[in-house]
There are 2 protein chains.
Amino acid sequence: MSEPDQMYRSGGFEKKQPPDLVHLSAAEALELGERSMRRLGYDVEASRIVAENLVDTALCGYASAGLPRILNIADNPKHRQPRTAIRVVHETDTSALIDGGNNVGLYSVHRATGIAVEKARRSGFALVGVYNSFYSGRNAYYLEMIAKRDLVGIHLASGHLQVVPYGGIRPALGTNPIGFGMPSSRGPVILDMGTAAIMGADVILKTRLNELLPEGVAVDGEGEVTRDPRKAREGGILTFGGHKGYGLSFCVQALGILAGAALNRDKDYGFLFIVFDPAMIVPVEHFKNELTALINRIKATPRKPGVPEILIPGERAFRERERRRVEGIELDRLVFEKLNAL
Amino acid sequence: MSEPDQMYRSGGFEKKQPPDLVHLSAAEALELGERSMRRLGYDVEASRIVAENLVDTALCGYASAGLPRILNIADNPKHRQPRTAIRVVHETDTSALIDGGNNVGLYSVHRATGIAVEKARRSGFALVGVYNSFYSGRNAYYLEMIAKRDLVGIHLASGHLQVVPYGGIRPALGTNPIGFGMPSSRGPVILDMGTAAIMGADVILKTRLNELLPEGVAVDGEGEVTRDPRKAREGGILTFGGHKGYGLSFCVQALGILAGAALNRDKDYGFLFIVFDPAMIVPVEHFKNELTALINRIKATPRKPGVPEILIPGERAFRERERRRVEGIELDRLVFEKLNAL
């Protein structure tokens, strides 16, 4: 079974109807997440880091990418291989190359973010890469850590091959997300987007549910556009936005090499951070205030009938989080029980 | 008349049929370009820099963005305003903010590229912005300069508002290109793409030719998708790739602020370079060789029937250039005469 299968298939819990849900406060979810990660053999610090990330993801509205992911980590073949301590293998005042030691990316990429932030705060700039790791979760989490320290961050992550290059009919690229984080005087602005037309997890889910894919997101083994998720798995996922999305996906895959991707046996997984202090070029307050002015200008743009508001990248997730911090989150009972049984 | 009108409308020469063409060698085109820029009041050095850029653009296959652009520069309202010397207004070992002095971007952004390359070669990293300038031409040109020096470059350029935000019906963003340049052992790999679904120049051209726009690239004044270029000018151009393209376009506009865009009266034009030495994190030869290995892997991917080859970003332009360096370029006779009459 290929890795993303392992990553997302476990359970079959993601779309049961009607779902049997357990309600948890954020604190309860955090405690459950921490305890579960410790059962997987991670230490207290790592378990806390991973749980905080996953609970934040759930609070932001991505339920299936929250605590259920701990079961996916448990099922991942890499989890059954030995882990070593996360290690900086090359370092300068403004750069670091990190061997993730086969730890889950939720832990190693968090560490990398901290290193990038410290270097960029001290020296104005940081280039930090992580290899030998897997599954870092929602990139917006790391970009928000960066933006909250009044830094600008660009994050690229190359991964497992499931996307076809433009004109191709077999996978040669990952879903290759790219993200930007920056500070404004009204808070962080975060873009976190895959360069694929659909997430790999969604194709697998549609297969299981016997549902059609959206139009134009995948090709079959002969290169014909298909809505059949089974046929899509004989070909591959398309990039979003045609040849432009392909160009972006290619560049993310290429820059994954800087993060050490080629040092992995599979040559695919690389997590790269480019972080800098806006003060290197304009005063930070100028940047933050003018970014807010830009946001206000965009929000004041006349809208299509039926569009209540023009959203800024990251805004929807932050609002969801505000609400759920009070209301708590819901977890599928099957996941809840499986986590408790780890 | 708005600025892009001035930029692209001059002449009406871009699609005459059958065209009356003048054939020029690259050297002849360079000489004509230099002479024309000197007539516009630019000095010998600036004229040479601009002409080299425009001739390279023509060699790469973008005929109307070559020497014809000198007539657009002449027509641009900014050209009739005073120019001052390009000036570094803030500088560190790894950064520079540059006042373009209302010089054409083809000159000021070239200068900025040189500064970014020197700083990144010396210090590993450079963040360089340019404001108070206009029209920098083909971004791939600058990214190639960077990649040829074994550096990685990211270039973002925010500009004149002609693109609607996602859900909006009036322009609030520029066409906001983003580009990547990186070295491989088989030469530079360059991505240079706008985040708009169509170039502003194309909408104006279609208006003039009474032709329909492609599907799904613009909205009318009420927010309905339209193929009528006149109606599109009452609404605006869409971003490519839906909300993801909007997210990217937003980030380019936002990072234009770092390049000093908000210091312009119009707050729109900013040209930003993020340049770094791959050796900060992995050996340069490792990066260049592994990037070539990635290229080879992608080129070896099985293809759709009828697709002769999977192309790498920048590859088509470089091949066109090889051919035209021998064959020379063709210039519309009307443009040729107008340039000679400047």
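Naming convention: chains lettered A, B, ... in sequence-line order (proteins, then strands); numbering from 1 in each chain.
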At what distance, to the nearest 0.5 angstrom, does [atom1] of [X] lie from [atom2] of [Y]?
X: A:Leu127; Y: B:Phe125; atom1: CG; atom2: CZ; answer: 9.0 Å
X: A:Ile281; Y: B:Glu91; atom1: CD1; atom2: CD; answer: 11.0 Å
X: B:Thr92; Y: A:Asp277; atom1: OG1; atom2: CG; answer: 10.0 Å
X: A:Phe276; Y: B:Ile274; atom1: CZ; atom2: CD1; answer: 4.0 Å
X: B:Ile310; Y: A:Tyr166; atom1: CD1; atom2: OH; answer: 12.0 Å

Between [options], which residue shows the highest count of heavy-atom pairs closer than 4.5 Å to chain B?
options: A:Ile257, A:Val307, A:Val128; answer: A:Ile257
options: A:Ser184, A:Gly242, A:Gly241, A:Ala197; answer: A:Gly241
options: A:Gly223, A:Ala300, A:Gly306; answer: A:Gly223
options: A:His243, A:Glu309, A:Met182; answer: A:Met182
options: A:Ala259, A:Ala254, A:Gly129; answer: A:Ala254
options: A:Leu97, A:Val219, A:Ile178, A:Leu258; answer: A:Leu258

Under the criterion side-chain contact (heavy atoms from CB on, under 4.5 Å), I'd like the reasoning laid out for B:Phe250 against A:Ile312: C-alpha separation, chi angles, the key distance, then a yes or no. CA-CA 8 Å; B:Phe250 180 92; A:Ile312 301 304; 3.8 Å; yes
Can you tell me which portion of [X] sits under 4.5 Å from chain B's heavy atoms? Options are side chain, backbone, both or neither.
X: A:Leu173; value: side chain
X: A:Val189; value: side chain
X: A:Asp268; value: side chain
X: A:Ala96; value: backbone
X: A:Ala126; value: neither
X: A:Glu222; value: backbone
X: A:Thr94; value: both
X: A:Val89; value: neither

Is there a side-chain contact between [X] and [Y] (heavy atoms, below 4.5 Å)?
X: B:Val252; Y: A:Phe180; result: no
X: A:Lys299; Y: B:Pro165; result: no
X: B:Arg303; Y: A:Ile169; result: no
X: B:Val282; Y: A:Tyr131; result: no

Residue part contacting chain A, namely of [X], when any heavy atom lies under 4.5 Å:
X: B:Met280; value: both
X: B:Val164; value: neither
X: B:Leu161; value: side chain

Between B:Leu248 and A:Leu248, does the side-chain contact (heavy atoms from CB on, under 4.5 Å) criterion hold? Intermediate values first, please. CA-CA 11 Å; B:Leu248 278 176; A:Leu248 278 176; 3.4 Å; yes
Should we count CZ of A:Arg316 as having more than 12 external heavy atoms under 6.0 Å? no
Give a yes or no on this: more than 12 heavy atoms of other residues, nucleotides or ligands lie within 6.0 Å of atom NE2 of A:His90. yes
Quick check on the interface: out of [options], who has the most heavy-atom pairs with chain A under 4.5 Å?
options: B:Arg297, B:Arg170, B:Lys267; answer: B:Arg297
options: B:Gly314, B:Pro302, B:Ala262; answer: B:Pro302
options: B:Gly245, B:Ala261, B:Ala293, B:Gly194; answer: B:Gly194
options: B:Pro171, B:Ala172, B:Gly124; answer: B:Ala172

In this structure, is the centre-to-centre distance between the rings of A:Phe240 and B:Phe240 below 6.0 Å? yes
Closest approach of A:His286 to B:Leu263 (non-hydrogen atoms, all atoms of both residues): CE1-CD2, 3.8 Å
Considering all heavy atoms, the nearest B:Pro313-A:Gly247 contact: CG-CA, 4.1 Å
Run the side-chain contact (heavy atoms from CB on, under 4.5 Å) test on A:Leu311 and B:Tyr246 for me, step by step, so that the C-alpha distance in whole Å, both residues' side-chain angles and the decisive distance to 0.1 Å come before the verdict. CA-CA 10 Å; A:Leu311 291 173; B:Tyr246 161 60; 5.8 Å; no
CA sep, side-chain torsions, deciding dist, call: B:Glu224, A:Lys304, salt bridge (charged side-chain N to carboxylate O under 4.0 Å, His left out): CA-CA 8 Å; B:Glu224 293 295 321; A:Lys304 253 197 244 196; over 6 Å; no
Quick one: does A:Lys244's side chain have a donor or acceptor within less than 3.5 Å of a partner on B:Ala196's backbone? yes
